[in-house]
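Here the structure is laid out as structure tokens; the discussion comes afterwards.
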Amino acid sequence: MNKTKEICYLGIGVALYVALAALIKIPLIGHIQTDLGYIVFGVYCVLFGHKGTIVGMIGCLIESLLFSGWVPIGWMFANMFIGFYVGTLFEKRKCNNFWKYAILTILAMFIGIGFIKTVIECSLYMIPFEVKFPKNMIAFVSDAIPMLVGLWLVQKLKENTSLLQ
């Protein structure tokens with residue numbers, strides 16, 4: 001695929017991330033809401049490997065700027081880790097065991113949201129770790145589910161079409 005086409009596809013991914021993230025907001029605790037943009041993030045990590053990171057980082061940034069007016073530094077670093085880890089995992093895929101990749105994706109999200117995001121936000125905003133960590137665990141669960149839906153969606157599309165082979 002040439003670079004121009006790849007940039008266009010990644011731009012479409014960012015737009016889809018923002019649209020889905022804004023589509024349905026299910027409030028959980030405080031300002032934590034389910035982010036359906038992770039469906040797109042998961043799909044792009046599978047299809048574009050580590051370049052899917054761009055969709056997660058820029059989509060998160062644009063969505064936050066548009067709807068809350070702040071720059072989500074913790075989320076951006078968490079999505080950067082998740083995108084690189086999950087994307088690289090799918091680039092080096094040796095088997096087609098969905099559950100193996102699902103578990104490794106959950107682990108990446110736990111590290112990204114549970115620790116990287118938590119440590120960054122605790123450092124920036126002087127929030128105690130024991131206060132921020134439980135809230136980020138709720139965010140981790142609420143975002144891991146859509147991410148796994150994205151992985152599952154690509155898996156089903158690959159099984160049922162020659163389009164993604």
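For reference, positions follow the sequence shown, starting with 1.
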Quiz item: With sequence neighbours excluded, what pairs up with Ile111 under the side-chain contact (heavy atoms from CB on, under 4.5 Å) test?
Solution: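 Result, side-chain contact (heavy atoms from CB on, under 4.5 Å) vs Ile111: Phe81, Leu107, Ile116.
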Quiz item: Residues in side-chain contact (heavy atoms from CB on, under 4.5 Å) with Ile103, at least two apart?
Solution: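 Once residues adjacent in sequence are excluded, Ile103 has no partner under the side-chain contact (heavy atoms from CB on, under 4.5 Å) criterion.
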Quiz item: What residue pairs, at least two apart or across chains, pass salt bridge (Lys or Arg N to Asp or Glu O under 4.0 Å) with a residue in residues 39-56?
Solution: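 Matches after skipping sequence neighbours: Glu6-Lys51.
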Practice problem: May I have all residue pairs that pass salt bridge (Lys or Arg N to Asp or Glu O under 4.0 Å) and include part of residues 124-139, sequence neighbours excluded? | Solution: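 Residue pairs with at least one partner in residues 124-139: Glu121-Lys132.
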Taking ring-ring contact (aromatic ring centres under 6.0 Å, His included) as the definition, give me every residue that meets it alongside [X], ordered by chain and number, with sequence neighbours left out.
{"X": "Tyr9", "answer": "none"}
{"X": "Phe67", "answer": "none"}
{"X": "Phe133", "answer": "Phe115, Phe129"}

For [X], check side chain to side chain donor-acceptor pair (under 3.5 Å) against everything at least two apart and list the hits.
{"X": "Asn136", "value": "Lys117, Thr118"}
{"X": "Thr4", "value": "none"}
{"X": "Glu63", "value": "Lys25"}
{"X": "Trp99", "value": "none"}

Quiz item: About how many Å separate OG1 of Thr105 and CZ of Phe41, when rounded to the nearest 0.5 Å?
Solution: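 One gets 10.0 Å once the value is rounded to the nearest 0.5 Å.
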In residues 10-20, what donor-acceptor pairs under 3.5 Å come from side-chain atoms, sequence neighbours left out?
from	atom 1	to	atom 2	distance (Å)
Tyr17	OH	Asp35	OD2	2.9

